[in-house]
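Remarks on the structure that follows.
This one's a predicted model, so the numbers in the text were calculated from it and none came from an experiment.
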Amino acid sequence: MPELPEVETVANGVNARVRGRRITQVWTSGKPQTFKSPETEIAAALTGAKIESVRRVGKTIVMTVTRDRKPAEFLIHLGMTGRLLVCTPEMPVAAHTHAVLTLDDAREVRFVDPRRFGRLSIHHAGDEGRARGSTPTSQNRDVGHPVTSGERPRGYTGPGKEPLTISLNDFVALFRNRKTPIKAALLNQSLLHGVGNIYADEALFRAGIRPTRQAARLARDELKKLRAALVTVLKQAIKLGGSSVSDYVDADGVRGFFQLRHKVYQRTGEPCRDCGTPIKKITLAGRSTHFCPTCQK
DNA sequence: CGCGGGCCCTGTGAGC
DNA sequence: TGCTCACAGGGCCCGC
C-alpha cells in the first residue's frame with residue numbers, strides 16, 4: 001500500500017520520464033468515485049498542457065502543468081492499490097485503468113486502480129480555499145490551494161507536517177494532549193502526512209514504543225527516538241524503492257524491496273529479529289498492528 | 001473538536 | 001478441485 005516512500009518513488013520516476021512533455025490527449029474511465037473533480041474538467045485542463053514537474057506531498061502525487069501560461073495541479077492519490085505507470089502505447093492496457101494521458105512522444109501515463117480507493121482531481125490557480133490557516137469547509141475541503149513557487153500546497157493533503165523535515169520541537173508538539181494511541185496519531189494525516197500502516201508499525205518497533213501507548217504520555221526522549229526512527233525507516237525505504245507487500249510497483253511497474261527489511265509488519269507469530277519473541281498482532285484504530293511484546297514498552 | 005467505528009472496493013488465499 | 005468468505009486499509013463520514 002503506497003505510503004510516503006512508495007509515493008515518493010512513483011513521483012520521482014514519473015517526473016524523470018515525463019517532465020517537459022506535452023499532453024495531447026486524455027481519456028478517463030467514467031467511474032464516478034475515482035474523480036474528485038469532474039472528468040470533463042480534468043480532461044480540459046490537461047489536454048494540450050505541458051508537464052512542468054511531478055512531485056510528492058504527503059501521500060499525494062502532484063503533477064504541475066501549464067496551459068496557455070496558466071498553471072494547474074493534477075493530484076493523484078493512489079489509495080490502496082493505485083498505480084501510476086509510464087507506458088509505451090503497445091503495452092496492454094491493464095484492467096481497472098481509470099485514466100490515460102497520451103504524451104507528445106506517444107507514450108502514456110496510466111492510472112490503474114482495482115480497488116478504487118485512489119482519487120484524481122485538478123486544481124487551478126485561483127481556486128478558493130486559500131485563507132491561511134483556516135480549516136477547509138465542507139464546500140472547499142476538496143479544493144486545493146494554488147501553489148506559487150516554493151510554497152507547499154495545502155488543502156487537499158490536510159495541514160499535516162512532512163515527517164522527513166519536521167523539527168523535534170514541532171514533532172513533540174504534535175502529540176501534546178493527544179489521548180489517542182501513538183499509532184493512531186501517526187496515521188492521522190492532519191498531524192503528519194505520508195505515514196501509513198507499514199511505516200507506523202516499523203518506526204514504533206525501531207523506537208521501542210508500544211503502538212497502544214497514549215500519545216500524550218510519551219516522554220520527550222521517546223518522541224525524539226520515534227522521530228529519528230521514522231526518518232531512518234522512511235529514508236531507507238525510499239532507497240530500496242518502497243515496500244511491495246501486495247501490489248505496489250513504481251512508475252516502470254517494478255516492485256520495491258523494503259518489505260524484506262520489515263521487522264514487524266505482517267510478521268505475526270514469527271520471531272522478533274532482535275529478541276526472538278513471536279511478533280504479536282492486534283487491531284488498533286481499525287488497522288492491523290504488529291509489535292514485539294518484549295522490545296516495545 | 002477529538003476520537004472511534006463503519007464503509008467503500010476487489011483480488012487473494014485460507015479453509016472446508 | 002472448487003467454492004465461500006475473511007481480510008487487506010486510506011480517507012471520509014457520522015455520531016457521541
Side-chain angles (χ1 to χ4, degrees), chain A residues 1-8 10-11 29-37 56-61 75-84 94-99 111-121 129 133-144 154-160 163 173-202 204 211-217 234 242-249 255 259 262 264-269 279 281-290:
Chain A
M1 46 254 33
E3 303 178 27
L4 187 153
E6 292 77 29
V7 178
E8 174 109 4
V10 172
S29 67
K31 291 283 181 196
Q33 69 271 52
T34 298
F35 301 92
K36 287 213 292 187
S37 309
R56 174 194 66 79
V57 177
K59 293 179 194 168
T60 303
I61 297 170
L75 305 187
I76 302 120
H77 195 294
L78 300 176
M80 277 285 293
T81 54
R83 298 179 171 194
L84 195 66
H96 310 292
T97 296
H98 297 296
F111 175 69
V112 182
D113 185 18
R115 300 257 291 274
R116 280 187 270 151
F117 280 24
R119 294 292 180 264
L120 303 179
S121 61
S134 75
T135 306
T137 66
S138 56
Q139 267 186 321
N140 70 8
R141 92 167 74 238
D142 288 343
V143 178
R154 298 187 52 171
Y156 41 83
T157 48
L174 288 180
F175 304 106
R176 209 164 278 153
N177 301 325
R178 296 270 158 194
K179 300 221 192 304
T180 196
I182 183 62
K183 159 119 187 222
L186 287 175
L187 294 178
N188 184 342
Q189 303 295 298
S190 65
L191 298 179
L192 284 176
H193 58 193
V195 181
N197 209 36
I198 297 174
Y199 298 101
D201 281 5
E202 293 296 317
L204 285 165
T212 47
R213 294 272 305 281
Q214 207 179 85
R217 296 210 170 174
L234 292 171
S243 299
S244 290
V245 171
S246 51
D247 38 22
Y248 161 74
V249 292
R255 289 165 60 83
Q259 67 279 8
H262 289 178
V264 288
Y265 185 76
Q266 289 198 347
R267 296 195 61 247
T268 311
I279 298 302
K281 176 166 133 173
I282 59 172
T283 296
L284 204 160
R287 300 290 172 255
S288 64
T289 297
H290 315 75

I'd like a table of atom pairs between the protein and nucleotides 4-6 of chain B - only N or O on both sides, under 3.5 Å - with the distance next to each one.
| from | atom 1 | to | atom 2 | distance (Å) |
| --- | --- | --- | --- | --- |
| B/dG4 | OP2 | A/Thr180 | OG1 | 2.9 |

Taking only side-chain nitrogens and oxygens of [X], does any of them come within less than 4.0 Å of OP1 or OP2 of [N]?
{"X": "A/Arg116", "N": "B/dT10", "value": "yes"}
{"X": "A/His77", "N": "C/dG11", "value": "yes"}
{"X": "A/His96", "N": "B/dG11", "value": "yes"}

Does the side chain of A/Gln33 come within less than 4.5 Å of A/Arg119's, by heavy atoms? yes

ask   = Considering only heavy atoms from C-beta outward, does the side chain of A/Leu234 approach that of A/Tyr199 to under 4.5 Å?
value = yes

What one should report as the nearest heavy-atom pair of A/Pro2 and A/Gly82 is CG-O, 4.5 Å

Taking every heavy atom of A/Leu4 against every heavy atom of A/Lys59, the minimum-distance pair comes out as N-CG, 4.5 Å

Residues passing the side chain to side chain contact (heavy atoms under 4.5 Å, CB included) test with A/Ala94, sequence neighbours excluded, are A/Thr97, A/Val112

By side chain to side chain contact (heavy atoms under 4.5 Å, CB included), A/Arg213 pairs with (sequence neighbours left out) A/Ile182, A/Ile209, A/Arg210, A/Leu218, A/Glu222

Which is true for A/Lys31 with a 4.0 Å heavy-atom rule: it touches a base, it touches only sugar-phosphate, or it touches nothing? nothing

**Asked** Which is true for A/Arg178 with a 4.0 Å heavy-atom rule: it touches a base, it touches only sugar-phosphate, or it touches nothing?
**Response** sugar-phosphate

The residue, A/Asn177 or A/Ala95, whose nearest nucleotide of DNA chain B is more 5′ is A/Asn177

The side-chain hydrogen bond (donor to acceptor under 3.5 Å, both in side chains) partners of A/Glu3 (sequence neighbours excluded) come to none

Could you tell me the separation between the [atom1] atom of [X] and the [atom2] atom of [N], rounded to a whole number of Å?
{"X": "A/Gln33", "N": "B/dT10", "atom1": "CD", "atom2": "C1'", "answer": "12 Å"}
{"X": "A/Met80", "N": "C/dG11", "atom1": "CE", "atom2": "C1'", "answer": "12 Å"}
{"X": "A/Leu192", "N": "C/dG11", "atom1": "CG", "atom2": "P", "answer": "13 Å"}
{"X": "A/Asn197", "N": "C/dG10", "atom1": "CG", "atom2": "P", "answer": "5 Å"}
{"X": "A/Asn188", "N": "B/dC1", "atom1": "CG", "atom2": "C1'", "answer": "12 Å"}
{"X": "A/Asp113", "N": "C/dG11", "atom1": "CG", "atom2": "P", "answer": "13 Å"}
{"X": "A/Lys183", "N": "C/dG10", "atom1": "NZ", "atom2": "C1'", "answer": "12 Å"}
{"X": "A/Leu78", "N": "B/dC9", "atom1": "CG", "atom2": "C1'", "answer": "16 Å"}

So salt bridge (Lys or Arg N to Asp or Glu O under 4.0 Å) across residues 190-202 of chain A, not counting sequence neighbours, yields A/Lys183-A/Asp201, A/Glu202-A/Arg206

What class does the angle between the rings of A/Tyr265 and A/His262 fall in, given that below 30° is parallel, 30 to 60° is tilted and above 60° is perpendicular? perpendicular

Closest approach to the side chain of [X], judged atom by atom: which nucleotide of [options] is it?
{"X": "A/Lys281", "options": "C/dG10, C/dA8, B/dC9", "result": "C/dA8"}
{"X": "A/Pro114", "options": "C/dG11, B/dG11, C/dA8", "result": "B/dG11"}
{"X": "A/Ser288", "options": "B/dC9, C/dA8, C/dG10", "result": "C/dA8"}

- Could one point to a donor on the side chain of A/Arg115 or the base of B/dC9 with an acceptor on the other under 3.5 Å away? yes

Taking five pairs at each terminus, the helix from B/dG2-C/dC16 to B/dC16-C/dG2 shows an axis bend, to 10°, of 50°

Review point. Quick one: does A/Gln189's side chain have a donor or acceptor within less than 3.5 Å of a partner on A/Val195's backbone?
Key: yes

